[in-house]
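As the structure lists them, so they are numbered: ligands from 1, and atoms in each ligand from 1. In what follows, every heavy atom counts, from backbone to side chain, and hydrogens, waters and symmetry copies are set aside.
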Amino acid sequence: MLAVISGGVGAARLLVGLQRRVVGHELVAIVNVGDDVELHGLHISPDIDTIVYTLAGEVSAERGWGLEGETWQAMDMLGRYGGHDWFSLGDRDLGTHLYRTQRLREGAPLSTVTAEISRAWGLDLTIVPVSNDPIRTMMTVAEGPEAGTEISFQDYFVRLGHQVPVSDVRFAGASASHPAEGVSAALDLAGRIVISPSNPVVSVDPVLAVPGLRDHLVRRRDRVVAVSPIVGGHALKGPAGRLMTEMGYESSAVGIARWYREICGTLIIDTVDAELAPDVEALGVNCIVTDTVMSKPGVLDSLCDLLVPPSSRSTAG
Ligand code: FO1
C-alpha cells in the first residue's frame, strides 16, 4: 500500500503516475480540505476535485483545476446580478458542487461523497479527505489595506491572487478534527508514505494538523519520502516559496528538508539542486537527486519508479 499526502495540482500530477503502478485500493490519496470553501450555498473541495478531474483525464490543462470544455453561463448570470463571481465555477464543475452539497445535507460524510464522485469518474484508487470535520486554512495578511485581518485561503489565493504577504497561517477547526475512516490505518499500514510536491505550508501542514497524524509520520519516518515542491529556489506553481520565506524558512530544497525533517526520512530533490544534497543530508534527511519536473517527458514515470519499489508494484503493472 502507498499512502500519499496530497494537496492540489502537484499531488494530482504525481498520482497520475502512481496509479499506473499501484492497483486501486493499494493507492490511498489522503487529501487536504483546508482549501474547502462555502460559496453560493455550495460546499467546494478544490484539492479533492483537482485530483479527481486530473486522474479522470478531464482537468483543464490550461488552469490545472476545473474541467476542460467549460462554459461560464452561471458565472455570467451571477456577474449580471453583482453576485460573488471572483471564484470561477464552470457550468460543468457546478454539477459536482451541487451533488456534493446535496449529499452532505443528507448527512453523508465528505469521505462517502468523495468515494461516490471518484467512482462516478471510474477511478479505483482511494481518494479520502483527511477529515470529515471542517478544517479551514486561514491567512493573516501582513501588509496593505487588509493588514492584520485574517482571510480564508481562497480569499488569499484567488481573490487577492496570493499577492499579499502573510504573517500567520492557521488551520481553523483542525484541533477538534478527527481523521476520516481509513486514514490512520493507511498511514500505519502503507509500505511507503509519500508527501507529494504540494505546498508544505497550506497543503501538507493542514493534513498533518489533524490530531495524531503527524505522530504516525514521526513513528514511521523511515518509510516517509517527500518530493520537493521547490526547484531552483521556487515553486513550479503557486506561492509555496513565498510562504516559506514569510514563515521564516528559506525557499529551497534545504528549506523543505528543514520543514519536513521530523516526519520524513528521505527527500527527493531536482537535479538543478544537486549541490544542495549535502546540506539536506546534514539535516539527517536522506537525499535523492533526480529529475522531478513532471511536465518534462519521462520524468513522471522515472519519479514514480523511484517512489513505487518493484516489491509493492501491483500486477496491474
Ligand atoms: N483558482 C484560481 O486561481 N482562480 C479561480 O477562480 C479558481 C476557481 C476554482 C474553482 C473550483 C476549484 O476546484 C478550484 C478553483 N481554483 C481557482 C483553484 C483553487 O483555488 C485551489 O484551491 C488552488 O489551486 C490551490 O490548491
Side-chain angles (χ1 to χ4, degrees), residues 4-15 29-56 58-76 78-79 83-101 104 110 113-114 117-118 120-121 127 129-130 134-139 151-164 166 169 171-172 195-207 229 235-244 294:
V4 184
I5 307 289
S6 305
V9 177
R13 293 210 171 118
L14 186 68
L15 285 163
I30 299 170
V31 188
N32 170 41
V33 293
D35 291 12
D36 284 21
V37 59
E38 301 276 340
L39 278 173
H40 320 298
L42 298 174
H43 182 122
I44 299 158
S45 298
D47 280 351
I48 290 172
D49 293 349
T50 294
I51 288 171
V52 168
Y53 293 164
T54 301
L55 294 179
E58 293 270 337
V59 76
S60 158
E62 174 209 350
R63 282 175 269 118
W65 51 266
L67 288 161
E68 282 295 4
E70 267 299 12
T71 53
W72 309 90
Q73 305 297 309
M75 294 306 292
D76 291 347
L78 265 175
H84 295 298
D85 60 356
W86 56 273
F87 194 77
S88 304
L89 295 167
D91 298 321
R92 297 179 70 202
D93 189 31
L94 273 170
T96 301
H97 312 313
L98 291 171
Y99 179 76
R100 176 186 289 119
T101 303
L104 291 172
L110 182 60
V113 186
T114 303
I117 289 171
S118 54
W121 286 99
I127 301 173
V130 63
I135 299 171
R136 295 294 177 267
T137 299
M138 304 298 290
M139 322 292 283
I151 59 176
S152 79
F153 174 77
Q154 296 302 347
D155 271 312
Y156 163 74
F157 190 85
V158 179
R159 185 170 60 81
L160 301 179
H162 49 82
Q163 294 308 311
V164 287
V166 163
V169 178
F171 309 123
I195 300 178
S196 62
S198 298
N199 187 318
V201 184
V202 291
S203 297
V204 175
D205 271 18
V207 171
L236 296 176
K237 181 180 172 77
R242 269 261 318 283
L243 283 170
M244 286 184 67
M294 297 179 279

Closest non-hydrogen contact found for Leu110 with Ser45 is CD1-OG, 4.0 Å

So if I count the atoms of ligand 1 from 1 in the order they appear, which ones are less than 4.0 Å from some heavy atom of [X]?
X     : value
Asp35 : 22 (O), 25 (C), 26 (O)
Asp93 : 11 (C)
Asp47 : 26 (O)

Of Trp65, Trp86, Phe157, the residue with the heavy atom nearest atom 7 (C) of ligand 1 is Trp65

Within the 4.0 Å heavy-atom cut-off, what Gln154 brings close to ligand 1 is side chain

Logged contact type for Val9 with ligand 1, heavy-atom cut-off 4.0 Å, is neither

> Is there a heavy atom in Thr50 that sits closer than 4.0 Å to ligand 1?
Replying inline: no

Note to self: Hydrogens and angles aside, do Thr96 and Tyr53 bring a side-chain donor and acceptor to less than 3.5 Å of each other?
What the structure shows: yes

Atom 2 (C) of ligand 1: closest protein heavy atom, distance to 0.1 Å, is Val158 CG2, 3.5 Å

Residue, atom and distance of the protein heavy atom nearest atom 6 (O) of ligand 1 read Ser88 N, 2.9 Å

**Prompt:** Just by modelled atom types, is the Gly7 backbone N or O under 3.5 Å from a matching donor or acceptor in the Ser203 side chain?
**Reply:** no

Is it true that Glu58 and Arg92 have a side-chain N and a carboxylate O under 4.0 angstrom from each other? yes

_If you count heavy atoms of other groups shown closer than 6.0 angstrom to CZ of Arg100, is the number above 12?_
yes

